[in-house]
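Taking it in order: structure first as structure tokens, then the write-up.
Numbers here are sequence positions counted from 1.
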Amino acid sequence: MKKHLYFPSSDGKTKLHAVIWQPEGTPRAIVQIAHGMVEYVERYAGFAEFLNKNGILVAGNDHLGHGASYTEEKEKGYFSAKKGDIVPLQDMHRLTLLLQKKYPDIPHFLFGHSMGSFFTRRYLCMYPNEIDGAVICGTGWQPEAILRGGLALVQGITLLKGDHYRSMLIDNMAFGSMNKAFAPNQTDKDWLSRNTEEVEKYIADDNCGFIFTLNGYRTLFCNMLLAQDRELMERMDEDLPILFIAGEKDAVGDFGKGVKKAVNAFYEAGMKDVECILYPECRHELINELNKEEIFHDVLEWLEFHM
């Protein structure tokens, strides 16, 4: 059963939209979703319904500037003028507390995809000991110099154009090379999935694939940078179980190499229970891949082992 929920964002002005998918009876566990960039949480309905059939409650909010968590068109792809990098993490935490208050003493897991994977990785540093595990999906690892250079460029353009500006230059730098490995291309989003039907749905959806604001890119790059900070990573609960999942053909994860760097960094930070599954031929959006049922079952098996 799907329910809609609205709660105040930590930006002090926006009502965030969230969805809760409830199973029949008392839930065995909670999975909280942090969705990716320029998409929204209801795209995870198929995954949520699968987990519901196995007694697991699923919930997630649309991040600020996404889905139904904005009111004006100019706020689409925009987070917050003040402390924008931390606000989406605080919003995720608010939902965590709401869920734990309503369902106390039930194992609580985070599932973060793409941008949400970087949010989740930083969340684990900010809020250790509050959840029972995390699935990190479609993540990567970028050199610090590239991220700092990107932030400097975003800041420079912001001074000229303002933080609501949508820069094709920044967007092309971030995504322009994603499709190269999949030539000849059918669309400019072939890198998302081998499932052409799902790719076409994404392209046709006005709430997907739009151009991020400069504020959005600054928030993304800041969280990517801080998610990789070795000192911050040492704040994580070393006993927390972590599952990394990604496609071997995912450009965001540098075709597996960036995912492995992230996994190694978790080990180096002292994490004791880290697993990684790389799926051959799969691309970025695992929940929409041709073999999604296999992936759903793998996540379920991991969740059940750690409940």
(Q) Looking at Glu234, I want to see if its CD is surrounded by more than 12 non-hydrogen atoms of other residues, nucleotides or ligands under 6.0 Å. (A)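 It does: Glu234 CD has more than 12 such atoms within range.
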If the threshold is 4.0 Å, N to carboxylate O, is there a salt bridge linking [X] and [Y]?
X	Y	value
Lys53	Glu24	no
Arg283	Glu289	no
Glu285	Arg43	yes
Arg194	Glu281	no

Q | Single-linkage hydrophobic cluster Ile33~Tyr127, side-chain heavy atoms < 4.5 angstrom | A |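 No: no chain of side-chain contacts under 4.5 Å links Ile33 to Tyr127.
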Are [Y] and [X] an aromatic pair, judged by ring center distance below 6.0 Å?
X	Y	answer
Phe296	Phe47	yes
Tyr6	His17	yes
His113	Phe118	no

Q.
Below 30° counts as parallel, above 60° as perpendicular, anything between as tilted: where do the rings of His35 and His63 land?
A.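 Rings of His35 and His63: tilted, as their planes differ by 30° to 60°.
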Q. Measuring from Trp191:CH2 to Asn185:CG, what's the distance to the nearest 0.5 Å?
A.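 Going from the CH2 atom of Trp191 to the CG atom of Asn185 covers 12.5 Å.
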Q | Linked hydrophobic residues, Phe305 as query - side chain contacts closer than 4.5 Å | A | none
Q.
Quick one: does any side-chain atom of Arg28 pair with a main-chain N or O of Asn54 as donor and acceptor, under 3.5 Å?
A.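 Side chain of Arg28 to backbone of Asn54: a pair is present.
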Q: Using atom types as modelled and distance alone, determine if a side-chain donor or acceptor of Asn223 lies under 3.5 Å from a backbone N or O of Asp85.
A: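 Here the side-chain-to-backbone pair exists.
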